[in-house]
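If you read the sequence from its start, that first residue is 1, and numbering goes on from there. We count ligands from 1, going down the list as the structure has it; atoms in each ligand are counted the same way.
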Amino acid sequence: MAVPATTIDCMTSLTPAPAESYYRETMPQQRVHHTPLRGHCETSVCVIGGGFAGLNTALGLVERGVRDVVLVEAGEIGQGASGRNGGFVFGGFSRGEAALLKELGASKSRELYSGTTRAVELIRQRIDRYGIECERSDSGVIWANWFRDPEVLRRRQRLLSEHYGVHWQWLAEDELRRLVRSARYHDALFEPQAFHFHPLKYAAGLAEVLAGTGVAIHEHSPATALRRSGAGWRVTTPDGEVQSAQVVLACGGYLAGLRKEVDAAVMPIATYVMVTEPLHDRMSEVLTTRAAVYDTRFAFDYYRPLADTRLLWGGRISVRDRSPRDVQRLLYRDMLKVFPQLEGVRIDHAWSGLMSYARHQMPQIGRMEDGVWLAQAFGGHGVAPTTFAGELLAAAIAEGDGRWEDLAKYGVVSTFKPAGFAAAQLGYWWAQAKDNWKALREAGG
Ligand SMILES: Cc1cc2nc3c(=O)[nH]c(=O)nc-3n(C[C@H](O)[C@H](O)[C@H](O)COP(=O)(O)OP(=O)(O)OC[C@H]3O[C@@H](n4cnc5c(N)ncnc54)[C@H](O)[C@@H]3O)c2cc1C
């Protein structure tokens, strides 16, 4: 049953505007804050950006014995995509597995993909090893079919199993409906190795681990310039500077403004998240599983149950950042299409975040020039790939490992902004229209 948009607009206009990030609001009071950089310091590696890409590179270095590391973050640790995301931790990249296979061949595509599934395990191990409290839910991820045609699931299941050695389980329609109480879906695949968590708690936890090992972390320290200096590089912030042999740029969609070609290579694209009030027993009217769920459309919904019985709901892609009120209005409508039984539920939080996309939809990981490294463009699928990137870059810097060159095909290429924004928005609308058309045709037939 679809709820008319006018009903929803009317209802949401009567509710108070939602607060912003649920993640921020649920951080422990005693969260460690890291002081801004003041004065001059010298180091072996300076990491710019305190999202998962920067934090994981720093931790990869520490775990390889390099402790002489300084990390500067423009705002607070995890304030970018890393601390705002859906919290899904799963394998793969934004670029699909079929495209990877075609472009790289069997062996390289498998090697890269398995880098991300190893990263899922590494995140799990680090949470345990360092005792990071981040509400991990080891309950897997369901990929639910919006369409009646099961072939899209069958094809992906076969491809993953035959070429990537990964086994996603089939969930028949009646089984899925017992777990996810929506008439919208048909069948589904279940990725058992995946999990979900509170990403901001994890980011803050990583930063605390790093600080505990002697890494200097500086919040509210935007890098404003990067210049060659002697045999290394000088990174300048408003109140200080770092002289470093190596520099890692890890600024995601929150462009650093340090290198034109680096900023030009990514398109910052917004996506939205909201969180309901606690549902208590009503959660079982919606989900009887703890798994996180997303669907098979190009512009898919993604959602998961939170520990305090709220439902976190995300979706949409846009070149526009929106206010919490607008995010709430759009996502509420999406949520009721799937779960009309949630009509009237209050939305307590809504926010948006920026993903960084390259034209080729793969991350850009590797050496830009002597001593300058890059990890960006993880798109909407970045929690495990940023961890993989951190491993590649840390191994390259600490051990001279050359595995990052496996990604050389997906380099730093211009996204042709601002025209690229229009192309991205049009591409999104086109893919969305195709999905709507397919769903309509199926409903008619
Ligand atoms: C709403 C949303 C939902 C998502 N859901 C998921 C999901 O469920 N699962 C998943 O796998 N992926 C998801 N993603 C994608 C994932 O969050 C990202 O791919 C990943 O976090 C990118 O990490 P990052 O470190 O590259 O970038 P960011 O986390 O954006 O970090 C970049 C950091 O660099 C800092 N910075 C920028 N310029 C400077 C400067 N000059 N000096 C110092 N610091 C600077 C920024 O302040 C920022 O903190 C989602 C993304 C969004 C926005």
Side-chain angles (χ1 to χ4, degrees), residues 21 23 36-37 46-58 70-94 116 119-120 123 141 194-197 199-200 202-203 206-207 217-226 235-238 242 247-259 262-263 266 268-274 292-294 300 302-304 312-318 321 327 331 350-357 363-365 374-390:
S21 171
Y23 294 135
L37 176 68
C46 176
V47 177
I48 303 177
F52 286 147
L55 292 166
N56 283 300
T57 304
V70 173
L71 185 151
V72 292
E73 160 56 46
E76 290 186 354
I77 291 297
Q79 75 163 27
S82 300
R84 294 165 179 264
N85 63 50
F88 287 47
V89 186
F90 48 7
F93 298 95
S94 282
T116 66
V120 171
I123 298 170
V141 168
F195 64 91
H196 55 100
F197 68 175
L200 187 56
Y202 181 61
L206 288 179
I217 298 197
H218 298 288
E219 293 180 312
H220 303 292
S221 305
T224 52
L226 170 66
V235 176
T236 309
T237 67
V242 186
V247 172
V248 179
L249 296 173
C251 297
Y254 297 82
L255 311 178
L258 297 170
R259 279 276 182 282
V262 168
D263 289 357
V266 291
I269 301 276
T271 172
Y272 312 128
V273 180
M274 69 176 189
V293 183
Y294 66 119
F300 54 82
Y302 50 95
Y303 51 91
R304 64 189 184 93
L312 177 145
W313 185 280
R316 302 206 173 219
I317 312 171
S318 170
D321 222 0
V327 169
L331 294 189
W351 67 93
S352 66
L354 293 177
M355 307 173 286
S356 64
Y357 271 96
Q364 295 159 334
I365 303 169
L374 178 66
Q376 67 176 9
F378 296 94
H381 210 114
V383 178
T386 46
T387 305
F388 177 41

Check your understanding: How far apart are the C-alpha atoms of F52 and L206, what are their side-chain angles, what is the distance that settles it, and do they pass the side chain to side chain contact (heavy atoms under 4.5 Å, CB included) test?
Key -> CA-CA 9 Å; F52 286 147; L206 288 179; 4.3 Å; yes

Practice item. Please assess W351 against V327 for the test side chain to side chain contact (heavy atoms under 4.5 Å, CB included), listing each intermediate value before the final yes or no. Key: CA-CA 7 Å; W351 67 93; V327 169; over 6 Å; no

Check your understanding: Can you check side chain to side chain contact (heavy atoms under 4.5 Å, CB included) on Y302 and N85, steps first, answer last?
Key -> CA-CA 11 Å; Y302 50 95; N85 63 50; over 6 Å; no

Could you pull out the N/O contacts under 3.5 angstrom between ligand 1 and the surrounding protein atoms?
residue: ligand 1; atom: 5 (N); partner: G86; partner atom: N; Å: 2.9
residue: ligand 1; atom: 8 (O); partner: G86; partner atom: N; Å: 3.4
residue: ligand 1; atom: 8 (O); partner: G87; partner atom: N; Å: 3.3
residue: ligand 1; atom: 8 (O); partner: F88; partner atom: N; Å: 3.0
residue: ligand 1; atom: 9 (N); partner: F88; partner atom: O; Å: 2.9
residue: ligand 1; atom: 11 (O); partner: F88; partner atom: O; Å: 3.4
residue: ligand 1; atom: 11 (O); partner: G382; partner atom: N; Å: 3.0
residue: ligand 1; atom: 11 (O); partner: V383; partner atom: N; Å: 2.9
residue: ligand 1; atom: 12 (N); partner: G380; partner atom: O; Å: 3.2
residue: ligand 1; atom: 12 (N); partner: G382; partner atom: N; Å: 3.0
residue: ligand 1; atom: 17 (O); partner: A81; partner atom: O; Å: 3.4
residue: ligand 1; atom: 17 (O); partner: N85; partner atom: ND2; Å: 3.1
residue: ligand 1; atom: 19 (O); partner: G379; partner atom: O; Å: 2.9
residue: ligand 1; atom: 21 (O); partner: S82; partner atom: N; Å: 3.3
residue: ligand 1; atom: 21 (O); partner: S82; partner atom: OG; Å: 2.9
residue: ligand 1; atom: 23 (O); partner: S82; partner atom: OG; Å: 3.2
residue: ligand 1; atom: 25 (O); partner: F52; partner atom: N; Å: 3.2
residue: ligand 1; atom: 25 (O); partner: A53; partner atom: N; Å: 3.0
residue: ligand 1; atom: 29 (O); partner: A81; partner atom: N; Å: 3.3
residue: ligand 1; atom: 29 (O); partner: S82; partner atom: N; Å: 2.8
residue: ligand 1; atom: 29 (O); partner: S82; partner atom: OG; Å: 2.5
residue: ligand 1; atom: 30 (O); partner: A81; partner atom: N; Å: 3.0
residue: ligand 1; atom: 38 (N); partner: Y254; partner atom: O; Å: 3.1
residue: ligand 1; atom: 41 (N); partner: A223; partner atom: O; Å: 3.0
residue: ligand 1; atom: 42 (N); partner: A223; partner atom: N; Å: 2.9
residue: ligand 1; atom: 44 (N); partner: A74; partner atom: N; Å: 3.0
residue: ligand 1; atom: 47 (O); partner: E73; partner atom: OE2; Å: 2.6
residue: ligand 1; atom: 47 (O); partner: Q79; partner atom: NE2; Å: 3.4
residue: ligand 1; atom: 49 (O); partner: E73; partner atom: OE1; Å: 2.8
residue: ligand 1; atom: 49 (O); partner: E73; partner atom: OE2; Å: 3.2

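For the pair V262/Q376, a side-chain contact is recorded, criterion being any heavy-atom separation below 4.5 Å from C-beta on.
Between F88 and Y294, the angle of the ring planes goes over 60°, which puts this pair in the perpendicular group of the 30/60° scheme.
Residue pairs meeting the salt bridge (Lys or Arg N to Asp or Glu O under 4.0 Å) criterion with at least one partner in residues 79-92, sequence neighbours excluded, do not occur; the list is empty.
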